[in-house]
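All chains are named by letter (A, B, ...) in the order of the sequence lines, taking the proteins before the strands, and each is independently numbered beginning at 1. Hydrogens, waters and symmetry mates play no part in the numbers below; they use all other heavy atoms, side chains included. Bear in mind the structure is a predicted one, so any value in this text is a computation, not a measurement.
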Number of protein chains: 2
Amino acid sequence: MGKCEQCIIKQFNSLKSLTTDELMRISKCKTSRIIKKGEVIFEEGESINGVYCVKDGICKLSKLSENGKDQIVKMVVKGQLLGQRSLINGESSNLQATALNDMEVCFIPRSEIIKDLQSNPKFSFDVLQDMAKDLKEADDVIVNMAQKSVRQRLAESLIYIHDTFGTNPDGTLSILLSREDFANIVGTATESAIRVLSQFKKDGLITTIGKQIKIENIEGLRRVE
Amino acid sequence: MGKCEQCIIKQFNSLKSLTTDELMRISKCKTSRIIKKGEVIFEEGESINGVYCVKDGICKLSKLSENGKDQIVKMVVKGQLLGQRSLINGESSNLQATALNDMEVCFIPRSEIIKDLQSNPKFSFDVLQDMAKDLKEADDVIVNMAQKSVRQRLAESLIYIHDTFGTNPDGTLSILLSREDFANIVGTATESAIRVLSQFKKDGLITTIGKQIKIENIEGLRRVE
DNA sequence: ATTTAAATATGATATTTGTCATGTTTTAAT
DNA sequence: ATTAAAACATGACAAATATCATATTTAAAT
């Protein structure tokens, strides 16, 4: 099993602020795990008791609303941490994490890392900055959900995915999502998401190769009303 | 001017985790300020360069969406801190703060308090817990915005305000909001908010005394679909 | 007290979005 | 390769919400 102190992934998250000693201690108790596409990493209401460091792959964080629909709140990719919030407040997760493709993660038990959070100010300040960023993004999502049309939200989601997670060599979005996933991101019915994407296709804003989506006119998408 | 180390308000926020020495130092550089109802405390994009500790009153945090509508993201009351996020990431505010009634606040310059955040792990862990809570609440708001009807969101907002900010002796909600404010909380047109409130009145769920709203049947509000 | 402006209220109508039905295509399993 | 299941697609219609118009009431200013 790899050693945390030598792991390049940590450069991308708050773990980089831990000392070599701290990392070596964590390395001893961490466990590595492979998660298959579609597998649930943790459920809503489940006690996580630690934090996941995503070494490879992507997962969605979603929450079931009372009417039975799933809402995707955030996506977490390679390099990021999963379960930070539960780590901090000690509560069970309020979100479900599901792998969107095959993933490789390291699990660090709460008991080990919480010490560092409470004693290493550099580390906790780093986590703090991470959360501040999350919170800002959440505010933006709230405003978009509340004030923009389904068309606009879907257009912006495509742009967000394009800019944040990148594209494959052929220009298609690197994250492969079902139409249902798109619907659950923008908070609409699956049929509505399908309809809007079809319209985008007709308007020449995107093209599709099977399930893959390629943005053809990003400026046009930005101008969607 | 009052001294931070003796201020009872600090019990309600993360400042309680500062040492007496730290509080005395902060006390020397803090400034007190009275803010009139309707006054803007800081605008979107403004550099705050510190945090506000709310000693009295309530304010709304809102963000202007591209279509020109204001979205209220959160309300901050007596005892809470304002501008934590900007404090942490050093960026200008992404939200506007507006007083909903007359307020009394203390302003603590960033330069003074950032040291404590980086050196007092107890304090930064406390702020961390605060932000984790905010983030969880934000997730809930996202799900509600995306998946629930205007009627449901408005009913839940009334319950939230009732449970979180309390009522006056006569049973009316202690926070006085305009119909436009309600619309900006649930993300709908002012006319729609008015219509829904009128319907709630007809259904006996609420009564109104002028602008004041009194919840008459909270269970009924919970059951709104 | 009177005037003026702002907030609240409601009707009529347009637009957006959801739901149900049904057909087609793609993917997965045998 | 064949079959079954899931995902995608689209039409028809219903429901929710926005927009515009116009009263009415309330609050603010003089």
Side-chain angles (χ1 to χ4, degrees), chain A residues 36-39 65-71 98 100-102 144-157 172-173 175-203 206-213 224-225, chain B residues 36-39 65-71 98 100-101 144-158 172-173 176-203 206-214 224-225:
Chain A
K36 283 255 182 313
K37 178 181 172 175
E39 202 179 316
S65 102
E66 286 149 41
N67 61 22
K69 284 189 188 166
D70 230 30
Q71 177 65 35
T98 313
L100 285 172
N101 49 29
D102 291 352
N144 286 344
M145 285 293 175
Q147 305 278 5
K148 294 187 179 168
S149 69
V150 170
R151 267 178 77 78
Q152 279 181 306
R153 282 179 277 164
L154 195 37
E156 288 188 14
S157 296
T172 57
L173 297 180
I175 303 187
L176 190 60
L177 294 168
S178 68
R179 300 295 195 253
E180 192 182 2
D181 282 331
F182 277 112
N184 293 346
I185 289 172
V186 301
T188 190
T190 305
E191 296 95 321
S192 297
I194 290 173
R195 253 181 260 271
V196 173
L197 285 175
S198 297
Q199 192 57 49
F200 284 171
K201 215 154 67 172
K202 277 181 196 154
D203 295 345
I206 61 171
T207 50
T208 56
I209 309 162
K211 227 165 149 172
Q212 308 258 16
I213 292 176
V224 160
E225 296 209 341
Chain B
K36 284 255 180 316
K37 177 180 173 177
E39 200 179 317
S65 103
E66 286 148 42
N67 61 22
K69 284 189 188 166
D70 230 29
Q71 176 65 36
T98 314
L100 285 172
N101 49 30
N144 286 343
M145 284 294 174
Q147 306 277 5
K148 293 186 178 168
S149 68
V150 169
R151 266 178 78 76
Q152 279 181 306
R153 284 175 336 214
L154 194 38
E156 289 187 15
S157 296
L158 289 171
T172 56
L173 296 179
L176 190 60
L177 295 168
S178 69
R179 301 296 193 252
E180 192 182 2
D181 283 330
F182 277 111
N184 292 347
I185 289 172
V186 302
T188 192
T190 306
E191 296 96 318
S192 298
I194 289 172
R195 254 181 259 272
V196 173
L197 285 174
S198 297
Q199 192 57 49
F200 285 172
K201 214 154 69 173
K202 279 182 192 152
D203 296 345
I206 62 171
T207 50
T208 56
I209 309 162
K211 226 166 150 172
Q212 308 257 16
I213 292 177
K214 185 176 174 183
V224 160
E225 296 208 341

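Residue B:Ala189 has its side chain nearest to D:dT19 when only D:dA9, D:dT19, C:dT19 are considered. Closest to the A:Ser149 side chain, of the nucleotides C:dT17, C:dT19, D:dT19, is C:dT17. Listed nucleotides: D:dA9, D:dC8, C:dT19. Nearest to the side chain of A:Ser192: C:dT19.
Note on B:Thr190: nothing from the nucleic acid sits closer than 4.0 angstrom, heavy atoms only. Residue A:Lys148 is out of contact with every strand shown, counting any heavy-atom pair closer than 4.0 Å. Across all strands shown, B:Lys69 has heavy atoms under 4.0 Å from sugar-phosphate atoms exclusively, and none from any base.
Nucleotides of DNA chain D nearest to A:Ser198 and B:Arg151 differ in position, and the one nearer the 5' end is that of A:Ser198.
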Could you pull out the protein-nucleic contacts involving nucleotides 1-6 of chain C (nitrogen or oxygen on both sides, under 3.5 Å)?
none

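At least one side-chain nitrogen or oxygen of A:Thr188 sits closer than 4.0 Å to the OP1 or OP2 atom of C:dG18. Here A:Arg179 reaches the OP1 or OP2 of D:dA9: one of its side-chain N or O atoms lies under 4.0 Å away.
The shortest heavy-atom contact between A:Asp102 and A:Lys37 is OD1-N, 2.9 Å. Nearest heavy atoms, A:Gln147 versus B:Gln71: NE2-OE1, 2.9 Å.
Between the side chain of A:Arg153 and the base of C:dT17, no donor-acceptor pair of N or O atoms lies under 3.5 Å.
When only modelled atom types and interatomic distance are considered, B:Thr208 and B:Lys201 share a side-chain donor-acceptor pair under 3.5 Å.
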Per-nucleotide protein contact along nucleotides 21-29 of chain C, 5' to 3', at a 4.0 Å heavy-atom cut-off (B base, S sugar-phosphate only, - neither), is ---------
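Note on B:Glu191 versus B:Arg179: no salt bridge recorded, every NZ/NE/NH1/NH2 to OD/OE distance being 4.0 Å or above.
For the helix from C:dA1-D:dT30 to C:dT30-D:dA1, the rotation axes defined at the first and last 5 base pairs enclose an angle of 50°, given to the nearest 10°.
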